[in-house]
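Presented below is the structure to which this report refers.
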2 protein chains.
Amino acid sequence: MDLDTRLLRYFVAVAEEGTLTRAAERLYVSQPALTKQIRQLERLLGVRLFTRSRTGMTPTEAGRLLAARTPGLLADLDGLLREARSVERRGARVLRVGFLASAANEATPHIIAEFGRRRPGWRVEMRQAPWSNPSAGLADGDVDVALVRLPFPGQEALRITPLFSEPRWIALPAGHRLADRAEIAFREVWDEPFVAAVPEAGAWRDEWLAAAERDGRPVRVGAVTDLPDDWLNAIANGFGIALAPASAARFYARPGIVYRPVSGVSGSEVAVARSPADDGNAVVRDFVRCCVRVAGPRQDAG
Amino acid sequence: MDLDTRLLRYFVAVAEEGTLTRAAERLYVSQPALTKQIRQLERLLGVRLFTRSRTGMTPTEAGRLLAARTPGLLADLDGLLREARSVERRGARVLRVGFLASAANEATPHIIAEFGRRRPGWRVEMRQAPWSNPSAGLADGDVDVALVRLPFPGQEALRITPLFSEPRWIALPAGHRLADRAEIAFREVWDEPFVAAVPEAGAWRDEWLAAAERDGRPVRVGAVTDLPDDWLNAIANGFGIALAPASAARFYARPGIVYRPVSGVSGSEVAVARSPADDGNAVVRDFVRCCVRVAGPRQDAG
DNA sequence: CCAGATCCATGCCGCCAGGTTATAGCCGCA
DNA sequence: TGCGGCTATAACCTGGCGGCATGGATCTGG
């Protein structure tokens, strides 16, 4: 008798949400799909897991037992797979580094070089992540260490070492009414449509909409993008404007887009992150040390 | 990222067998299917689990880690599901009883009645099992307790309480050359084709072929069946003869088949079995006690 | 009493993943 | 040089999952 972990995840979601419809949207599947899957799980186990009613799904006794213990089991499985990945990488002397957009800017190659000196024989594998994954794959165990922008959801569960901060500028389409201004006050664009990250990015998305720095004003979202190129296209095509690290003017310069300094909005914090599970991992520690040494305390990367 | 436990079972099998082809036949799938699944697992994890060679598949370091820890995890999952099933049944006051063919013969209804007196409000659910499952579903957690015939594979892992034993007779098609004999010596039919259980039944199958009581002579198998009706049909149609409990003459009498006493072969042992996981389960214990009281030490059920 | 909202269940359809068989490639061995 | 172990690849079939649209039941408010 076989079982897909998807079924278990579905089940847990339904048990937690209490209704199929809410669980379905949380899982990004349709409600009928969930209906069928939960029924199938019940059929597979030969156990009634929920009692249905118009008010939702309430777990039976067996359902509660399962709901209580399944998450731990899934976590065990996840940990095991993660460990297997880590073993393989250590064996191959590969360190996977996740990053978002321009990572640590001009410092990035120096960090890699420094790490190469400290750990000869090791290879660094850089993996760019979409904004839907603002931990750059660290939370999923896809990478060993990540160059990220703070804050992002889930960072409490990780070890964060801040590196430097840089001002934020604003990216505009070339023909924009403010495109010729030397500097823009953030409040001038409060009512402009913004190009935003996907909702999953949570606090990270809000940070780049500066949602907390608009004096309570609501945000207008003109487009939602998940990757630098989509983001650039959306701006160039006039769907909206966006905050960007000052360094974007160098790393993401392209025709049809201009970057302008903006006042009245906080800077962006760059950090290196690693998993607590790697606390004992000397290679990861070395990489973090290299980051601090090269891009550390001085604010040389503005 | 989702994962089917089937993938893990496949993986474990390959790791244990050392070659795809052997693992494939143990898993009853084709070798290409396994090839694809293992590759898929590797793709899913992003980890190389085996190094291929013409001599077989040898696990990598990551593969060894996974192979060592996966069985435990699968067992945990299995235990959890089993527990959920058990909770549901206890809540519904249902005791599932698995059995093979005629179970404890004439004693069966008395056992059920006695249990009904001892546990009013409880309902007994009888589930007949095929011979491919000689623990009658107990090993799979499908039932709480089982009326079985000894020996069967996997019985060491269960709690067995012997009840009684009965002689074995032989079942023949009506037109058989020995059909009119009052009693048959087992050695007279050593060379006859026998109707056997499926190979998975292991020791149980051998027991009913009396493989160990043929003085080393090989067994001729004329047909393989998995259920009483198939078995009866196979005999009636002349594919072979078979040993049967003496009680079969009463429970499985039908035109075209005759049962005759046989000498020179051991009797059949009936027992009630339960899982060690239910050691603390008073209801199961009660059922076992009822079995012993009704069908216990005296050999009244021959 | 009816309209609307909010649940879950059902029917239909397209698609992919997993299975099968047949075959190719690779090597060691008699 | 052909045979017998392996694993890999190709072509095909099917069952199940997911999506959409809709049905049916039950509260809620005007």
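Numbers restart at 1 for each chain; the letters A, B, ... are given by sequence-line order, proteins then strands.
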Worksheet item: When we call it a touch if two heavy atoms are under 4.0 Å apart, what does T55(B) touch: a base, just sugar-phosphate, or nothing?
Response: nothing
Worksheet item: Is it the case that T21(A) and E25(A) place a side-chain donor and acceptor less than 3.5 Å from each other?
Response: no
Worksheet item: NA contact type, A33(A), heavy-atom cut-off 4.0 Å: base, sugar-phosphate, or nothing?
Response: sugar-phosphate
Worksheet item: Using a cut-off of 4.0 Å on non-hydrogen atoms, how would the nucleic acid contact of Y10(B) be classed: base, sugar-phosphate, or nothing?
Response: sugar-phosphate
Discussion item. Could you tell me how far apart L7(B) (CG) and dG18(C) (P) are, to the nearest whole angstrom?
Written reply: 7 Å
Practice prompt. In whole angstrom, give the distance that lies between atom CG of L3(B) and atom P of dG18(C).
Written response: 11 Å
Practice prompt. Compare side-chain N and O positions of T21(B) against OP1 and OP2 of dT7(D) and report whether any pair is under 4.0 Å apart.
Written response: yes
Discussion item. Distance check needed: dG18(C) C1' versus R9(B) CZ, whole Å only.
Written reply: 13 Å
Discussion item. Taking E125(A) first and then R89(A), would you say they form a salt bridge - that is, a charged N and a carboxylate O separated by under 4.0 Å?
Written reply: no
Item to complete: To the nearest Å, give me how far apart CD1 (I38(A)) and P (dG18(D)) are.
Response: 11 Å
Worksheet item: Nearest-Å distance, CG (D4(B)) to C1' (dG15(D))?
Response: 14 Å
Discussion item. Checking contacts here: which listed nucleotide (dT20(C), dG18(D), dA8(D)) is nearest the side-chain heavy atoms of K36(A)?
Written reply: dG18(D)
Practice prompt. Rounded to the nearest angstrom, tell me the gap between atom CG in L34(B) and atom P in dT9(D).
Written response: 15 Å
Item to complete: Describe the nucleic acid contact of Q40(A) in one word from base, sugar-phosphate, nothing, applying a heavy-atom distance below 4.0 Å.
Response: sugar-phosphate
Worksheet item: Taking OP1 and OP2 of dC7(C), is either one under 4.0 Å from a side-chain nitrogen or oxygen of R52(A)?
Response: no
Worksheet item: Between F50(A) (CZ) and dA9(C) (P), how many Å, whole number?
Response: 11 Å
Item to complete: State plainly whether the residues D142(B) and R127(B) are in salt-bridge range, i.e. N to O under 4.0 Å.
Response: no
Worksheet item: Are the charged groups of R69(B) and E83(A) less than 4.0 angstrom apart, N to O?
Response: yes
Practice prompt. Please work out if S53(B) contacts a base, only the sugar-phosphate, or nothing of the nucleic acid, heavy-atom cut-off 4.0 Å.
Written response: sugar-phosphate
Item to complete: Map T35(A) and Q31(B) onto DNA chain C by nearest heavy atom, then report which one ends up closer to the 5' terminus.
Response: T35(A)
Item to complete: Could you tell me whether the phosphate oxygens of dG19(C), OP1 or OP2, come under 4.0 Å of any side-chain nitrogen or oxygen in Q37(B)?
Response: yes
Fill in: R26(A)/E16(A) salt bridge by N-O under 4.0 Å criterion
yes
Worksheet item: Atom CZ of R6(A) and atom P of dG16(D): how far apart are they, to the nearest Å?
Response: 13 Å
Practice prompt. Please determine if a side-chain N or O atom of R54(A) lies less than 4.0 Å away from the OP1 or OP2 oxygen of dC8(C).
Written response: no
Worksheet item: If you check the P32(A) side chain, which of dC8(C), dT7(D), dG11(C) turns out closest?
Response: dG11(C)
